[in-house]
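All figures in this text were calculated on a predicted structure; none of them were measured in a lab.
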Amino acid sequence: MGENESSVRSLCQQDKNMAYQKVNADQRAQGHSPYLDNDELQATALELEWDMEKELEEPGFDHFRLDGAVQHHLGNSQSPDLDLEPIQPSSSPKGRFQRLQEDPDYVSHYTRQAPKSNRCSFFQILKVFCTALILFIFGIVMGYYALKKCPSPLTSQERNNPHVYHEILKEIKAENIKQIYRDLLQFPGEDDVDVAMKILVQWSSQGLEDARLVNYSVLLDLPGSSSNTVTLKNSGECFYPSGQQCNRETKTLHNQDLLYSYAAYSAKGTLEAELVDIQYGTTEDLIRIQAITNVTKKIALLKLGQSPLLYKLSLLEDAGFGGVLLYIDPCDLPKTTDLDDKAFMVSLNSGGDPSTPGYASIDGSYRQNRLNLTTLLVQPISAVLAKKLVSLPEDTAQKDSCIPLQLPATGKKVISLNIQSVSTYKTISNVIGYLKGTVFPDRYIIIGSHHNSLNTYGGQEWASSTAIITAFIQALMLKVKRGWRPDRTIVFCSWGGTSFGNIGSYEWAEDLKRVLQRNVVAYISLHNPVRGNSTLHPVASPSLQQLAAENPSFLSEALFPVHTTKTEELDPTFSLHETIAKLTGQVTLQIANEPVLPFNALDIALEVQNSLKGEEVDIPQLLTVASHLRDTAELFQSDEMRPANDPKERAPIRVRMLNDVLQSLEKSFLVHQVPPGLYRNILYRLDERTSQFSVLLKALEQCKLHQSNETIQAALSEVLNSINSAQVYFKAGLDVFETTLAGKK
């Protein structure tokens with residue numbers, strides 16, 4: 001958490017469940033950009049999913065048409081689009097005269113007048129000459145000023161000149177970001193739609209093309225009128241999630257922090273059961289606990305961290321637990337962070353509108369009754385309350401060492417867990433804006449962040465990320481007004497409903513699935529960009545590792561209530577914001593303008609080989625296929641990418657073919673099903689400590705739990721097929737290039 005983060009994701013990742021779009025037909029038409037409206041894009045049927053902190057999708061596009069196309073109303077002379085009288089060739093004065101001249105029976109009765117004197121002709125010629133001279137001079141003057149005011153379009157080489165990048169990035173200034181940030185927070189307490197409208201006004205005022213709102217009506221799980229409670233049956237003491245006793249300061253019952261200390265989409269009701277400490281909920285923890293006690297319908301005391309929460313909850317659900325108390329051990333937090341008395345919010349939604357899982361939420365879509373996404377009653381609690389549950393004094397001196405919390409082995413703790421929340425449909429809004437490219441306008445680089453609808457929850461990082469994007473837009477549009485444009489289209493997005501499971505991004509992606517599958521080059525995320533004032537840790541997908549390094553953290557799954565001035569305390573001069581904005585801008589400009597996409601084919605092959613290291617997955621077939629993949633990737637990179645990067649050897653048609661291959665490099669590694677909380681792209685690791693394929697690690701854990709090797713065999717087959725598919729893909733690309741080159745010779 002004590003780090004700044006800007007992430008670049010290759011759009012071959014991605015998957016998640018998405019939401020219901022509840023808008024009228026005319027509103028829906030306004031929610032799409034004409035830059036995505038192209039009939040040829042309907043042909044693709046690939047599966048794209050993404051991770052907008054995980055992943056993207058959508059249905060067909062029958063309502064799309066070519067951008068700027070004129071609709072002709074055949075058989076209707078009263079066209080509403082053209083206020084012109086229909087002119088037939090037979091009634092044209094010129095046409096009728098020409099046909100009469102060709103008629104042999106035609107006799108002209110036209111008589112010429114006698115010619116005027118030579119003197120008249122001289123003055124007439126002089127008059128025409130003077131008029132022409134004046135018009136010529138006037139034209140030169142007008143042309144001069146027109147060229148001065150409207151410079152000619154830049155060539156592709158000028159557009160991707162590093163000097164141009166520098167000119168754009170130098171316009172990004174800390175004071176501008178700070179002012180934008182404060183403007184966004186000027187009216188606190190607004191709902192999602194109001195915040196989105198404010199962002200739309202900001203982006204439009206900078207001159208961004210086709211900026212608009214895209215609304216969806218989605219199922220949200222909101223807190224009830226009073227806070228959830230945890231009661232110790234031994235002593236009868238009742239506590240709120242923060243650790244505060246229920247009978248103290250009852251006026252805080254409606255405090256936002258208390259109400260929003262809950263797990264969205266948890267099961268609801270009351271459960272009285274024994275508390276079982278399972279630490280981090282690893283496979284080893286579960287095997288140990290199940291060996292000494294029956295866990296059916298009991299309540300697990302679970303630490304957040306080490307692996308995705310949704311994955312751990314799925315294991316607890318399978319084991320038969322009835323409830324979960326979730327907390328963060330103080331030993332897992334930086335020493336400078338004091339969150340002991342803070343409860344937090346988590347979402348149990350893997351992505352999108354829960355009522356429309358796996359398909360786009362458009363008018364007419366069937367809504368499923370999925371108010372709860374788990375059978376477990378899940379409640380986040382503070383470290384203070386966790387200490388009370390394990391009978392550890394709050395003022396325990398830890399000095400230089402930190403002792404992890406653990407429930408004593410002796411004595412049973414029985415608690416009563418009461419969880420109440422309300423499921424309701426609400427409108428969330430995305431803000432989408434386009435800066436159209438000139439060379440490859442049908443290739444998109446998406447820059448995304450989110451705007452918060454939970455007031456103080458999660459802090460004000462949404463305003464930080466939005467201010468960074470807005471400042472970048474401002475710098476870009478200054479250059480656009482002088483005649484510059486990127487080669488590829490840049491799409492700016494601010495997502496709604498992020499706190500409930502990235503709902504806005506998933507719904508938009510599912511709604512535009514077919515276009516995005518074929519046309520998106522990369523996704524650049526600015527979610528929560530400033531988390532501290534120490535080091536910058538960018539995260540990138542394997543093919544873009546030259547631009548960043550990986551470093552995910554599962555503690556960020558918790559959304560803590562943060563004071564509104566927290567961001568300005570972390571970065572009072574907004575110099576960190578400026579640095580992240582310029583880094584984001586540099587990466588975006590490279591991907592949007594470089595003739596050859598800055599994706600590295602060999603990095604993927606190396607990533608595959610590194611992920612197969614270890615004794616647990618020493619399978620000869622996998623190692624053999626991975627070796628072939630590396631050989632082909634090396635050949636592809638040396639024979640195709642190297643000459644394409646040399647302007648003297650570069651051929652436009654080959655560059656386009658090469659970029660199409662590079663753009664789809666990682667799609668071979670998408671699998672259909674993975675455990676909850678894991679990426680569908682098997683190349684993405686769980687964290688920086690694990691190098692193996694996460695699907696193989698989780699399959700091994702399942703084998704240990706269920707004493708069966710079926711899951712590991714299925715996972716090995718998925719990995720083998722993915723690597724082989726990538727090998728075939730690279731080889732096919734090489735064959736195409738060889739054929740094209742031979743044909744030219």
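When atom types are taken as modelled, the side chain of S347 and the backbone of A264 share no donor-acceptor pair closer than 3.5 angstrom. Formation of a donor-acceptor pair under 3.5 Å by the E209 side chain with backbone atoms of K436 is found in this model. Side-chain atoms of S449 do not come within 3.5 Å of backbone N or O of S494 as any donor-acceptor pair. Checked by atom type and distance alone, the side chain of R488 pairs as donor or acceptor with a backbone atom of I591 at under 3.5 Å. For D487 (side chain) and E594 (main-chain N/O), no donor-acceptor pair under 3.5 Å exists by modelled atom type. The backbone N or O of S505 sits nowhere less than 3.5 Å from a side-chain atom of N502 that would complete a donor-acceptor pair. S266 places no side-chain N or O within donor-acceptor distance of the main-chain N or O of A263, the cut-off being under 3.5 Å. Side chain of K178 to backbone of P572: a donor-acceptor contact under 3.5 angstrom is found. K582 places no side-chain N or O within donor-acceptor distance of the main-chain N or O of K173, the cut-off being under 3.5 Å. The backbone N or O of V661 lies less than 3.5 Å from a partner atom in the side chain of Y729, making a donor-acceptor pair.
At a cut-off of 3.5 Å, with distance as the only test, a side-chain donor of W203 or T470 sits close to an acceptor on the other residue. Checked by atom type, the side-chain pair T466/H451 shows no donor-acceptor distance below 3.5 Å. Between the side chains of D353 and S355, at least one donor N or O sits under 3.5 Å from an acceptor N or O. The closest side-chain donor-acceptor pair between T427 and N215, if any, does not fall under 3.5 angstrom. Under 3.5 Å, the side chains of Y684 and E607 contain no donor-acceptor pair of N or O atoms.
Between atom CG of residue L678 and atom CG of residue N681 there is a gap of 11.5 Å, rounded to the nearest 0.5 Å. Rounding to the nearest 0.5 Å places CD of Q202 at 6.0 Å from CD1 of I180. The distance from the CD1 atom of I168 to the CE atom of M477 is 11.0 Å, given to the nearest 0.5 Å. The CD1 atom of I428 sits 7.5 Å away from atom OH of Y216, with the distance rounded to the nearest 0.5 Å.
A salt bridge does not link R518 to D660: none of the charged nitrogens lies less than 4.0 Å from a carboxylate oxygen. Between R656 and D442 a salt bridge is recorded (basic side-chain N to carboxylate O distance below 4.0 Å).
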(message) Checking S464 against H577 for the side chain to side chain donor-acceptor pair (under 3.5 Å) test, could you report, in this order, the C-alpha distance in whole Å, the side-chain angles of both residues, the deciding distance, and whether it holds?
(response) CA-CA 7 Å; S464 294; H577 286 73; 3.1 Å; yes
(request) In sequence, state the C-alpha distance, the side-chain angles, and the governing distance for T489 and L435, and then conclude on side-chain contact (heavy atoms from CB on, under 4.5 Å). (result) CA-CA 6 Å; T489 296; L435 175 55; 5.9 Å; no
(message) Apply side-chain contact (heavy atoms from CB on, under 4.5 Å) to residues C493 and V491 and explain how you reach the verdict.
(response) CA-CA 6 Å; C493 307; V491 186; 3.8 Å; yes
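Annotation for Q474 and N176: closest pair OE1-ND2, 3.6 Å, computed over non-hydrogen atoms. Of all the heavy atoms in V521 and F599, the pair that sits closest is O-CZ, 3.5 Å. Minimum heavy-atom separation, L219 to I503: O-CD1, 4.3 Å. For the residue pair R370 and P357, the shortest heavy atom distance occurs at NH1-CB, 3.4 Å. Heavy-atom minimum distance, A174 versus F574: CB-O, 3.4 Å. When all heavy atoms of I177 and A471 are compared, the closest pair comes out as CG1-CB, 3.6 Å.
Taking the six-membered ring for Trp and thresholds of 30 and 60 degrees, F500 and Y265 have ring planes more than 60 degrees apart, a perpendicular arrangement. Ring-plane geometry between W508 and W495 is classed as tilted, the angle between the planes lying from 30 to 60 degrees on a 0 to 90 degree scale.
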